[in-house]
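Bear in mind the structure is a predicted one, so any value in this text is a computation, not a measurement. Quick note: numbers below take in every heavy atom, side chains included, and nothing from hydrogens, waters or symmetry partners.
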Amino acid sequence: MKTILKTTILATSLIIALTACSEKDKDNTTNVHADASMKADELADAGEQLVSPYTFMLSDKVFDMALEKDPSNKKAQFYKAFVKRMMVLKGIGKRIAPLMKKGTAKQQADYEKAKTDLPDSPLKSFLLDGPEDIKSYSQLVSVIADYNSALNDFRKFLKLNAGTLDLTLNLNPHIFEKEINDQAAHSCSWTQSPEGAIDVQCETAGIAQKKVNTADLIALQQMTGGEMLYWSLYTAYDLSTVEEIAKNERLKTMPPQEVLAYYKSLPSLGKLNKNQTLSLIPELGSDFSASVKWAQQYQGRLCPKGVKVPNQRRGFLFKDGVCVETTNEVNKALAMLDQMVSGIYTQPILDEQGQQVDQIRVNLVGFLKNPPQDLKAFLPESIDQNGKTPQWSDNTLGGLFPDGDIQKLRKEK
């Protein structure tokens, strides 16, 4: 590759994402004891206090100890599944060194500074303990694909346990100091007597805890699914030459026919990655639709005071409510989503004024579950001087348009 700007930024962001906490967090310490003599629930509680940006890798070991004693311990299962995506990044700070050496002088300097600025901690050892083995964009994408797979394991755990799991999470007082203080402030009420005396009462018993029930698990599942969707699209196809294309100034003056030939000459562009997860997208869509409909049904309990009212589920993980709108627009969007993830559906073709001029059948599910091996195969066979496409290589575009009528769409460059 001629340039790896986006790749190096992405690689560095993996480090930054794990160190995104305040200076105060670094100065505070939490004394946590865990040994083999403790019960499973005691170990789960101890591990919970280590779920922080600087010690999550220690918590993973403690949850293993808890699950060895009691494989059915739900708190340990929950947190073990939660931190799994971060454990994928073990050694990433050192692994990307060969890739970073291909960057600009500034990128290399920023990378070295990021390592130097890491305070001595279990996190620093975790990030910098490993071989220097990531030498290409595709190898980095493979790590992200593993991260996405770990996300999916957490999503599946949430989905499996959404109807039965009730947890009470104990917040680490250093990591969640602001949250605990905010809850303390909202726990107080006051009354004034006719004589002018003011009586303040505060219910602070649960301010350092978060309850998790079905609604919280479903909301968390959809947040996880949303992140998975992003990474599934990012890691689907080989895009290692995209930056090379972006830097090719000659493309701006090339005739359309030469541009087409240039794209076809790039061997790796658009190749399907072996660990892609496009086939999961229909399931993510179906789950999202079902979750929204469930939340709409129980808005009286999940969002009793309406949208944008804070702290209406006091003490729960999603304290501001699990709020969704029930409008014609939302319901139409859900109906369209249901069609898209159920099989072949009909999509109207609109003109520039938004008027329907035709329609075309689309098989998005089939395309995602059996994605084409090489997107270059769908580049048009030819292109005229004005950038119009007189003929496509595949009029179904890999089965996306099952009737082979892609020509109904406007033939613009």
Side-chain angles (χ1 to χ4, degrees), residues 145 148 152 155 222 225-226 228-239 242 256-257 259-261 263-264 266-293 328-384 386-413:
N148 201 36
N152 192 41
R155 182 189 70 89
Q222 296 316 311
M228 277 191 62
L229 175 61
Y230 174 83
W231 292 122
S232 292
L233 295 174
Y234 187 92
T235 58
Y237 285 92
D238 189 333
L239 301 176
V242 167
Q257 297 93 332
V259 173
L260 180 61
Y263 287 143
K264 289 185 176 182
L266 300 172
S268 64
L269 179 64
K271 293 281 189 180
L272 186 69
N273 288 324
K274 63 179 180 180
N275 45 8
Q276 57 82 23
T277 52
L278 290 176
S279 61
L280 287 174
I281 292 178
E283 181 183 345
L284 296 177
S286 295
D287 286 351
F288 177 78
S289 177
S291 296
V292 172
K293 291 172 185 175
N328 288 335
E329 289 75 14
V330 170
N331 291 336
K332 285 181 181 179
L334 289 176
M336 185 62 184
L337 177 59
D338 290 340
Q339 289 184 41
M340 293 172 65
V341 299
S342 63
I344 299 175
Y345 66 98
T346 300
Q347 175 69 33
I349 299 175
L350 308 179
D351 62 17
E352 293 181 355
Q353 287 71 44
Q355 300 299 312
Q356 181 172 342
V357 295
D358 206 338
Q359 61 184 23
I360 190 168
R361 295 204 310 154
V362 184
N363 186 9
L364 181 61
V365 170
F367 184 88
L368 292 171
K369 289 191 174 181
N370 187 27
Q373 294 295 311
D374 190 344
L375 293 180
K376 290 197 301 298
F378 305 126
L379 288 173
E381 290 185 357
S382 60
I383 193 169
D384 64 25
N386 297 317
K388 302 283 186 174
T389 305
Q391 187 174 358
W392 292 87
S393 301
D394 178 1
N395 286 328
T396 72
L397 207 64
L400 184 61
F401 303 104
D403 298 328
D405 52 357
I406 191 176
Q407 300 288 357
K408 285 183 177 181
L409 302 178
R410 289 184 293 176
K411 306 168 188 175
E412 296 182 356
K413 100 175 140 175

Looking at every heavy atom in both Gln347 and Met336, which two are closest together, and how far apart are they?
OE1-CE, 2.9 Å
For residues Phe367 and Pro402, determine if any side-chain heavy atom of one lies less than 4.5 Å from a side-chain heavy atom of the other.
no
For Gly270, does its backbone N or O pair with a side-chain atom of Lys376 as donor and acceptor, under 3.5 Å?
no
Show your reasoning for whether side-chain contact (heavy atoms from CB on, under 4.5 Å) applies to Thr346 and Val362.
CA-CA 6 Å; Thr346 300; Val362 184; over 6 Å; no
Closest non-hydrogen atom pair, Ile349 against Ile360:
CD1-CB, 4.0 Å
State, to 0.1 Å, how close Gly404 and Thr396 come at their nearest heavy-atom pair, and which atoms those are.
CA-CG2, 3.7 Å
Is Thr277 reaching over with its side chain to a backbone N or O of Ser232, donor-acceptor style, under 3.5 angstrom?
no
Expected output: side-chain Lys369 to main-chain Pro282 donor-acceptor under 3.5 Å:
no
Non-hydrogen atoms of Ala145 and Asn275 that approach each other most closely
CB-ND2, 3.5 Å
For Trp231 and Thr235 the tightest heavy-atom approach is O-OG1, 2.7 Å
In sequence, state the C-alpha distance, the side-chain angles, and the governing distance for Phe401 and Leu409, and then conclude on side-chain contact (heavy atoms from CB on, under 4.5 Å).
CA-CA 11 Å; Phe401 303 104; Leu409 302 178; 3.8 Å; yes
Which heavy atom of Ser393 sits nearest a heavy atom of Ala377, and at what distance?
CB-O, 3.3 Å
Counting neighbours of CZ on Phe288 that are heavy atoms of other residues, nucleotides or ligands and sit closer than 6.0 Å, is the number greater than 12?
no
Please determine, by modelled atom types, if Asp338 and Ser289 share a side-chain donor-acceptor pair under 3.5 angstrom.
yes
Salt bridge present between Lys408 and Asp403 (N-O < 4.0 angstrom):
no
Using modelled atom types and a 3.5 Å cut-off, is there a donor and acceptor pairing between side-chain atoms of Gln353 and backbone atoms of Gln355?
no
